[in-house]
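One structure below.
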Number of protein chains: 2
Amino acid sequence: MNEHPKSGQPVEIEGVVAQGKLQRLLDVLPEDLRSEMMPLWQSIRFSPGDVLIEDGEVADRIGFVTDGFLAMSKTLQDRHRHIIGLITPSDMFGRAFNGPSGYRIEALSDGAVLTCDRQKFEAIIARSHEAERLFLLSILDELDAAREWVMVLGSSKVVERLASLLIILSRHKYRTLEGTAHAPIQLNLHIHIKRVDIAHLLGTSPESLSRAFHQLERTGAIRIVTPYDVELANLERLIEISGNSLEMRDE
Amino acid sequence: MNEHPKSGQPVEIEGVVAQGKLQRLLDVLPEDLRSEMMPLWQSIRFSPGDVLIEDGEVADRIGFVTDGFLAMSKTLQDRHRHIIGLITPSDMFGRAFNGPSGYRIEALSDGAVLTCDRQKFEAIIARSHEAERLFLLSILDELDAAREWVMVLGSSKVVERLASLLIILSRHKYRTLEGTAHAPIQLNLHIHIKRVDIAHLLGTSPESLSRAFHQLERTGAIRIVTPYDVELANLERLIEISGNSLEMRDE
DNA sequence: CGGTCGGTTGAGAAGTTTCAACGCCTGTGG
DNA sequence: CCACAGGCGTTGAAACTTCTCAACCGACCG
């Protein structure tokens with residue numbers, strides 16, 4: 001274990017490297033708080049279907065995704081399932097500073113999280129003004145993401161929503177895309193999420209989703225290598241189909 | 001009306017009484033900061049179509065709605081307009097602690113806001129740990145609201161989305177509904193928002209929206225007194241139609 | 001080899017969009 | 001004071017998209 005991780009130096013926990021938001025958070029913590037927090041972290045692997053936090057439960061842990069996809073989901077009385085949002089690597093989950101979870105946190109793919117006792121996490125963050133500010137900013141990012149998602153779901157056609165999703169996922173993967181949108185690059189997305197789950201995320205059925213995928217392929221926007229491996233053959237066209245609702249902004 | 005944790009003294013600015021979140025924020029501020037902030041507030045009236053903050057603009061003011069409805073909206077290149085969210089009385093707008101606005105803030109009805117210079121607001125909030133914490137909590141609330149809205153837009157049928165909207169609006173208006181959902185109460189909603197705007201909010205067309213309204217009326221869930229004045233005749237049925245996706249939780 | 005899971009495809013039913021037209025109300029100018 | 005235009009909600013009808021149910025297929029597994 002690293003004794004004195006200086007700012008910018010990768011922090012490693014149980015063989016897993018903390019990235020993105022967690023890394024930045026740790027960078028900002030004063031030395032004493034950081035060394036207090038470090039031993040609290042624990043790496044946990046998950047597989048599709050695992051439930052990390054149940055709907056309505058008061059979570060006793062928070063966590064950061066280091067690999068794979070989690071989802072916030074909700075199953076209604078009529079057995080209808082909605083996926084409210086994806087939680088992708090670097091994102092946090094677990095409602096720090098807040099009440100019970102309004103939805104289930106479940107795994108959509110294989111992956112791993114770094115988790116920490118919620119109350120201890122909160123207590124340490126609250127002792128650093130800088131860390132609390134950083135935390136606030138990350139919530140504001142989440143808010144933006146949620147609102148962007150509202151935009152996406154606002155479009156009535158499934159192809160549009162799917163195109164938007166693919167763009168968003170590609171943005172997550174390659175955070176340095178700005179300006180290159182018009183270059184004839186080819187991006188590969190390996191998304192190990194089942195069609196049903198993507199369908200529930202987009203508010204549609206697996207059948208319609210399948211047709212949308214193949215429609216995108218017919219128009220040349222993407223190439224379906226395997227159901228989990230899509231090549232963004234023509235990003236410009238994909239953006240056009242998505243309705244131009246998304247900026248290719250960086251984080 | 002809510003209980004005020006500390007001072008409990010309603011604050012009045014230019015004849016407008018600060019409610020909800022703003023009141024609570026002021027209550028939490030230490031005396032010196034509060035008297036510093038008070039003179040910064042200014043009440044402004046708005047009418048439908050007024051643009052308070054333009055898409056992409058770095059807002060120099062933040063504000064709290066005291067009456068009427070604002071919307072976060074975005075107009076795409078293909079002239080398609082989305083409304084991402086409503087901003088209702090007590091809500092804040094204006095991206096404190098954050099970059100440029102990702103959408104336009106426009107008025108959907110007549111109403112009023114209390115506004116304040118953004119930088120000064122931030123500076124004062126940042127000097128009170130309690131206020132900053134409260135601010136963080138209100139962002140978390142917004143996040144919940146945005147995600148609830150994602151749920152709503154996830155349902156494929158327009159009637160369901162409309163039913164959900166009506167329930168949410170009624171919850172905003174009568175914050176003390178829990179437990180009474182089964183009582184045969186009649187709620188009246190006076191919403192001076194044009195059908196086109198509601199349609200854009202629900203991601204549909206005015207025509208479909210109109211049909212949805214009348215379908216709700218036919219099934220006895222609501223009664224349309226005037227297009228802007230709806231009576232929730234059968235809340236239970238409305239909830240059922242909405243797909244039970246919403247809890248009648250309090251704020 | 002048979003079963004299950006997940007993706008795809010087909011076909012008819014259901015819901016939505018789109019375009020066009022109508023009616024009501026309001027405000028304006030003759 | 002009336003006529004008329006424009007805004008807004010509503011209604012109708014046809015084109016389109018999506019949903020639903022059913023069947024099929026390939027991969028994987030016991």
Side-chain angles (χ1 to χ4, degrees), chain A residues 47-49 69 76 78-83 107-110 152-163 165 189-219 222-230 241-243, chain B residues 47-49 76 78-82 107-110 152-164 189-219 222-230 241-243:
Chain A
S47 311
F69 295 94
L76 307 178
D78 47 340
R79 321 203 162 287
H80 218 275
R81 173 157 161 273
H82 279 251
I83 293 185
L108 300 184
S109 71
D110 285 311
V152 170
L153 291 180
S155 40
S156 38
K157 293 199 217 130
V158 174
V159 223
E160 292 174 13
R161 297 200 289 254
L162 175 58
L165 174 66
L189 283 181
H190 301 267
I191 317 162
H192 242 283
I193 305 182
K194 284 184 294 198
R195 288 285 192 265
V196 209
D197 292 328
I198 301 181
H200 288 164
L201 179 62
L202 295 179
T204 185
S205 59
E207 297 94 328
S208 296
L209 180 66
S210 173
R211 293 187 239 269
F213 262 108
H214 290 277
Q215 183 177 338
L216 284 184
E217 183 166 50
R218 270 201 311 284
T219 61
I222 66 172
R223 222 171 66 74
I224 305 174
V225 184
T226 78
Y228 297 107
D229 187 354
V230 168
I241 294 172
S242 80
Chain B
S47 311
L76 307 179
D78 48 339
R79 322 202 160 288
H80 217 274
R81 175 159 160 273
H82 279 250
L108 299 185
S109 72
D110 285 311
V152 169
L153 290 180
S155 40
S156 38
K157 292 197 221 138
V158 175
V159 224
E160 292 174 14
R161 298 201 288 252
L162 176 57
S164 300
L189 282 181
H190 302 267
I191 317 161
H192 243 285
I193 306 182
K194 283 184 295 198
R195 287 285 191 265
V196 208
D197 292 329
I198 300 180
H200 287 164
L201 179 62
L202 295 179
T204 185
S205 60
E207 295 94 328
S208 296
L209 180 67
S210 174
R211 293 186 238 270
F213 263 107
H214 290 276
Q215 184 177 337
L216 283 183
E217 183 166 50
R218 270 203 311 284
T219 61
I222 66 172
R223 221 171 66 74
I224 304 173
V225 185
T226 77
Y228 297 105
D229 188 354
V230 168
I241 292 173
S242 80

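Everything numeric here is computed off the predicted structure, so don't read it as measured data. Chain letters run A, B, ... following the sequence lines, proteins first and then strands; every chain starts at 1.
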Short side-chain N/O contact to C:dT17 OP1/OP2 from B:Ser205, under 4.0 Å: yes

B:Ser208 side chain near C:dT16 phosphate (N/O to OP1/OP2, under 4.0 Å): no

Residue B:Lys157, side-chain atoms from C-beta onward, closest of D:dC19, C:dG15, C:dT8: C:dG15

Earlier contact from the 5' end, DNA chain D, for B:Val196 and B:Arg211: B:Val196

Protein-nucleotide distance (B:Glu207, atom CD; C:dT16, atom C1'), rounded to Å: 10 Å

Nucleotide of C:dT16, C:dC19, D:dC8 approaching B:Val158 most closely (side-chain heavy atoms): C:dT16

Distance in angstrom units between B:Lys194 NZ and D:dG7 P, rounded: 10 Å

Reported OH-to-CG distance for the pair A:Tyr228 and A:Leu189, which is rounded to 0.5 angstrom: 15.0 Å

Nucleotide C:dC5, atom C1' - distance to CG of A:Asp197 in whole Å: 13 Å

Distance, rounded to the nearest Å, where A:His200 contributes NE2 and C:dG7 contributes C1': 14 Å

B:Leu209 CG - C:dT17 P separation (whole Å): 10 Å

Side chain to side chain contact (heavy atoms under 4.5 Å, CB included) partner of A:Leu165, the single match among A:Leu201, A:Leu209, A:Ile191: A:Leu201

Nucleotide D:dG9, atom P - distance to CD of B:Glu217 in whole Å: 16 Å

Separation of atom CD in B:Glu160 from atom P in C:dG15, rounded to whole Å: 10 Å

Ring centres under 6.0 angstrom apart (A:His80, A:His82): yes

A:Phe213 six-ring centre to A:Arg195 NZ/CZ under 6.0 Å and within 45° of normal: yes

side-chain N/O A:Tyr228 vs C:dG6 OP1/OP2, d < 4.0 Å: no

Taking every non-hydrogen atom, the tightest pair across A:His192 and A:Ser109: O-CB, 3.1 Å

side-chain N/O A:Ser156 vs D:dT17 OP1/OP2, d < 4.0 Å: no

Atom-pair distance (CD on B:Gln215; C1' on D:dT11), nearest Å: 15 Å

